[in-house]
Amino acid sequence: SMEDIFVPFLTIALAELGDKTQLALLLLSSKTKKHIELLAGTIIAFMVVDGVAVLSGLFINNIIPERTLKAISGVIFIIFGVFILKELKRKEDADGKGRVMSFKSPLLTGFTFIFLAEWGDKTQVASMLFATRYNPLMVLAGVVLSLTLLSAAAIYAGSFVSRKINKTLMTKIAGAGFIIIGMSFLIF
């Protein structure tokens with residue numbers, strides 16, 4: 001029924017609006033011009049993470065504790081933020097201006113970030129819970145559709161913002177943003 005798609009779609013949209021995932025995508029999109037690849041990697045990651053939730057509930061949390069998954073994600077975000085800032089500094093030293101760093105594979109970058117950030121997230125838990133009440137395939141469709149629309153909006157916003165703000169400043173904001181997101185994973 002429509003309820004099987006609509007309830008998860010609306011709930012996830014409200015829960016994820018302005019979430020760390022959307023902020024990360026906004027920042028990632030400011031570092032690449034390959035926005036479709038970034039969105040594709042993001043969608044694939046959401047399908048895997050939320051598909052696992054729908055199919056196996058909290059099975060993954062029985063193997064790897066949620067706290068460990070969050071800590072791993074936090075460290076990766078911090079490392080990435082430091083890498084962005086170091087790369088900017090290296091390019092400033094080399095040519096006197098801060099050229100913009102871009103990712104070799106936005107698809108892989110988007111997939112990796114979302115895949116790591118979403119394990120044990122409220123979206124994954126909600127997907128599992130919805131699958132116990134509604135048709136699991138419809139739940140997955142509603143969740144992925146909702147997350148796709150939010151991700152596309154975040155990527156568009158990042159692309160727009162990066163055209164309006166100085167590239168060096170945007171790179172510094174992105175680096176600091178990733179470090180802050182990573183620290184939040186470790187603290188909360």
ILVMFWY cluster membership beyond Ile36 - transitive side-chain contacts under 4.5 angstrom: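 Members other than Ile36 - counting any ILVMFWY side chain reachable under 4.5 Å - there are none.
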Through direct or indirect side-chain contacts below 4.5 angstrom among Ile, Leu, Val, Met, Phe, Trp and Tyr, which residues connect to Leu10?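 Answer for Leu10: Phe6, Leu14.
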Is there a path of hydrophobic side-chain contacts, each under 4.5 Å between heavy atoms of I/L/V/M/F/W/Y residues, joining [Y] to [X]?
X	Y	value
Val82	Ile79	yes
Leu186	Ile179	yes
Val144	Tyr134	yes
Val161	Phe178	yes
Val49	Val52	yes

Just verifying a value: how many Å separate [X] [atom1] and [Y] [atom2], rounded to the nearest 0.5 Å?
X	Y	atom1	atom2	result
Ile187	Ser184	CD1	OG	7.5 Å
Leu25	Thr42	CG	OG1	4.5 Å
Ser30	His35	OG	NE2	8.0 Å
Glu118	Leu147	CD	CG	7.0 Å
Leu137	Leu55	CG	CG	8.0 Å

Does Leu28 reach the side chain of Pro106, with side-chain heavy atoms less than 4.5 Å apart?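 When only atoms from C-beta onward are counted, Pro106 and Leu28 do not touch, as no gap falls below 4.5 Å.
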Contact between Gln124 and Asp50 at the side-chain level, heavy atoms closer than 4.5 Å - yes or no?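 In short, these two side chains touch, coming nearer than 4.5 Å.
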Indicate the atoms forming the closest heavy-atom contact of [X] with [Y], along with that distance.
X	Y	value
Ala13	Ser146	N-OG, 3.1 Å
Ile12	Leu150	O-CD1, 4.3 Å
Glu3	Pro8	O-CD, 3.7 Å
Ser127	Ala53	CB-CB, 4.1 Å
Ile155	Ser29	O-OG, 3.1 Å
Met47	Leu140	O-CD1, 4.3 Å

Taking atom types as modelled, find out whether Thr123 and Glu16 have a side-chain donor-acceptor pair closer than 3.5 angstrom.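 On atom types as modelled, these side chains qualify, holding a pair under 3.5 Å.
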Listed by chain and number, what are the ring pair (Phe, Tyr, Trp, His ring centres under 6.0 Å) partners of Phe46, not counting sequence neighbours?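 With sequence neighbours excluded, Phe46 shows a ring pair (Phe, Tyr, Trp, His ring centres under 6.0 Å) to no residue whatsoever.
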Kindly write out the residues that satisfy ring pair (Phe, Tyr, Trp, His ring centres under 6.0 Å) with Phe111, not counting sequence neighbours, or none if the list is empty.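 Only Phe115 meet the ring pair (Phe, Tyr, Trp, His ring centres under 6.0 Å) criterion with Phe111.
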Keeping the roles fixed (side chain from Thr112, backbone from Thr109), state whether a donor-acceptor pair exists under 3.5 Å.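 No, because the side chain of Thr112 does not come within donor-acceptor range (under 3.5 Å) of the backbone of Thr109.
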In chain order, what residues pass the side chain to side chain contact (heavy atoms under 4.5 Å, CB included) check against Leu23, with sequence neighbours excluded?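 Partners of Leu23 under the side chain to side chain contact (heavy atoms under 4.5 Å, CB included) test: Leu27, Ile181.
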Qualifying residues under side chain to side chain contact (heavy atoms under 4.5 Å, CB included), relative to Leu107, sequence neighbours excluded: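 Counting only residues at least two positions away or on another chain, Leu107 forms a side chain to side chain contact (heavy atoms under 4.5 Å, CB included) with Glu37, Ala40, Ser105.
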Intermediate values then yes/no, side chain to side chain contact (heavy atoms under 4.5 Å, CB included), Val7 and Thr11: CA-CA 6 Å; Val7 171; Thr11 305; 4.1 Å; yes
